[in-house]
Amino acid sequence: MHEEPHTPKPNFIRQIVSDDLAAGKHGIVHTRFPPEPNGYLHIGHAKSIVLNFGLAEDFGGLCNLRFDDTNPHKENQEFVAAIKEDVRWLGFGWDDRLYFASDYFSNLFDYALELIDKGLAYVCELNAEDMREYRGTLKEPGRDSPFRDRSPAENRDLFQQMRAGEFPDGSKVLRARIDMASPNINLRDPVLYRIRHGVIHHQTGAEWCLYPMYDFTHPISDAIEGVTHSLCTLEFEDHRPLYDWIVSNLSVPTQPRQIEFSRLNLEYTVTSKRKLTELVSEGHVNGWDDPRMPTLSGLRRRGYTPAAIRDFCQRIGITKSENRIEMQLLEDCIRDDLNRHAPRRLAVINPIKVVLSNYDDNACEYLPAPNHPQDPSLGERRLPFCRELWIDRADFQETANKKYKRLVSGGLVRLRNGYVIRCDEVIKDAGGEIQELHCHWYPDTLENNPDGEKVRGVIHWVSARHGEPAEIRLYDRLFNIANPGKKSGDYRSDINPDSLLTCVNAVVEPCLAAATPEQRFQFEREGYFCRDSSSEKLVFNRTVTLRDTWARNTSEET
RNA sequence: UGGGGUGUGGCCAAGCGGUAAGGCAGCGGCUUUUGGUGCCGCCAUUCCCAGGUUCGAAUCCUGGCACCCCAGCCA
């Protein structure tokens, strides 16, 4: 059994970084993870986090956590706190390098003045609609704003007045003076600052009524922090010329470089903040940490481990090509981790009673059961065994063909870590529903099989007198279409109505009563489960099923 | 001919002119008191297409084609 290998896979960004280092361009590599605190982090962010923090770690450099908080409308403190928690949970730290773009608001203002003085920025009074019209289209060039040729002195004066709060929202903006005819729309005099009165910024309060745009803020923040490689997703590729324009026209301390990589797309889920926000606000799920959400908090509550998510990010690689990763890869990552580390337990999700007719009603014994079949270091526990047991309804059929390796009428089956039993009688109610099974107990079969009789297989069980009642939540994919919304036009219509199946009558082995929140187990023959972290009751969430080749093959026959 | 990108097996992804790594999925088999795990084997004569250069091309050149992104005072 191998542990998480730390041989980073090669990718084009590592190549660039190591080339830069070899060429002596930088003393150390410095990256940053720059979330906007307007939502919770999801699996796509994990890719970026692992890339940025991992790269710095592997090259002996640094990675900052920086909140990109230039749009106070959508951002808040709850998100800031959640993001910090999630990054830490994933296993990364930033020491004292926790920054906010808003830390630089006054520096940013001074840099804006510098652009104004150089004749590279101007105050524009076009309203939003006119500005759109002046911008031109994808195929036609734009036209110069009538305010484009104001003098630096006038611009400086106006910009100071904007800051002083003398103009209403939307009446004026500061724009870069680049090229209205550029084929790259981002260079057609992009807006640098807008006026926003009356919003309370979560960091700076009411101090500003002027907020800088991402395109202006990001390169300068990178330069101030000494970031050498500023990694972002593909949709910012067109912004790179603007990024470069900003850092090369300003007296910033360093010249960071932006490199783009493709964002993660995962089958059967969505990873857009807008959609995730809607799933929460419209009540399709129960909050950002709903175990069906691809958020880090959701995955955590579902039972995913940080190591599995890091492994996943490692395995998918970093490239510039459009991708959509199969859910099976993520599932393989968590199974691989949990198979090695999760203690085994017995839990009956949908119980049916078994009475051992020849077992002393007053007897009770404690059968030793290893916590892990391959790893003795995890120890063992004792399973109480008595005359009445629970087994799963799915593990009994009155008649079945030879391939069915469970209990059938008249057939023998082994109880996991216990004895062999034979089903002698099926007790049904008036409606024909099976009430209980009367079975014969085979003594001396703890280690051996009975002579001359065929044991079909092994099933799990829990003592009916000792088992703990529990609720088990069976989670499945949130959407039943690989690319939600692609065909239907609305991802919401592709939501899987059966993404959560709650089983309130489950019974689990006694020691599970002491399970701590988020503690993970393998319920043998069922899957991996973890104790839910926000229920007082004994609730277990299914992380992922076990791989099941039998179910796969039988379902194909129907 | 708006601009910027990307095209290697079902899904990812190495490959950097010397004759297609690896993972996931799939398919066979062995082991197994989890239909799990583990182990073994199979799975691209071909890299979007067409030409060209070369002794030799997924890698270089030319021309196509397909898909993605961009017209927020969002990030």
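Below, chain A is the first sequence line, B the second, and so on; all start at residue 1. Only heavy atoms go into these numbers, but all of them, side chains included; no hydrogens, no water, no symmetry mates.
Within a 6.0 Å radius of CG in Asp444(A), no more than 12 heavy atoms belonging to other residues, nucleotides or ligands are found.
When both pairing distances are held under 3.5 Å, C24(B) makes a Watson-Crick or G-U pair with G10(B). Base pairing of C60(B): its partner is G52(B), meeting the Watson-Crick or G-U wobble criterion (both donor-acceptor distances under 3.5 Å). Searching all strands for a Watson-Crick or G-U wobble partner of G2(B) with both distances below 3.5 Å returns C70(B).
Rounded to whole angstrom, the span from the CZ atom of Phe521(A) across to the P atom of U37(B) amounts to 21 Å. As rounded to whole Å, 9 Å separates atom C1' of A25(B) from atom CZ of Arg547(A). Protein atom CD1 of Ile318(A) is 9 Å distant from nucleotide atom P of A14(B), rounded to whole Å. The distance between atom CD of Glu133(A) and atom P of G72(B), rounded to the nearest whole Å, is 13 Å. Look at CZ on Arg335(A): it is 11 Å from P on G38(B), rounded to the nearest Å. Rounded to an integer number of Å, the gap from Leu138(A) CG to C69(B) C1' is 11 Å. Atom pair Tyr193(A):OH and G72(B):P shows a separation of 22 Å (rounding to whole Å applied).
Residues Asp375(A) and Ser377(A) bring a donor and an acceptor atom of their side chains to less than 3.5 Å of each other.
Arg194(A) has a side-chain polar atom (N or O) that falls below the 4.0 Å cut-off from OP1 or OP2 of A75(B). For the pair Ser321(A) and C12(B), the criterion of a side-chain N or O lying under 4.0 Å from OP1 or OP2 is not met.
The base of G3(B) sits with one of its N or O atoms less than 3.5 Å from a complementary donor or acceptor on the side chain of Asp238(A). The base of U34(B) lies close enough to the side chain of Gln522(A) for a donor and an acceptor atom to sit less than 3.5 Å apart. For Arg406(A) against G35(B), a side-chain-to-base donor-acceptor contact under 3.5 Å is present. For Arg340(A) against U37(B), a side-chain-to-base donor-acceptor contact under 3.5 Å is absent. Interface remark: the Glu326(A) side chain does form a donor-acceptor pair with the G10(B) base, using a distance-only criterion of under 3.5 Å.
Tyr304(A) and Phe312(A) have their aromatic ring centers separated by at least 6.0 angstrom. Between His42(A) and Tyr40(A), the ring centre distance reaches or exceeds 6.0 Å.
Taking the O4'-C1'-N9-C4 or O4'-C1'-N1-C2 dihedral as appropriate, G4(B) has a value more than 90° from 0 and is therefore anti.
The aromatic rings of Tyr419(A) and Trp441(A) stand perpendicular to each other, their planes meeting at an angle above 60°, with 30° marking the opposite boundary. Under the 30°/60° scheme for interplanar angles, the aromatic rings of Phe67(A) and Phe100(A) are found to lie parallel.
The stacking criteria are not both satisfied for Tyr214(A) over the base of A75(B), which would need a centre-to-centre distance under 5.5 angstrom and an angle between ring planes under 30 degrees.
Of the candidate nucleotides C27(B), A14(B), G35(B), G35(B) has the atom lying nearest to any side-chain atom of Lys403(A).
Judged by closest nucleotide on RNA chain B, Thr319(A) is the one of Arg416(A) and Thr319(A) placed further toward the 5' end. Toward the 5' end of RNA chain B, the nearer of the two residues Arg414(A) and Leu234(A), judged by each one's closest nucleotide, is Leu234(A).
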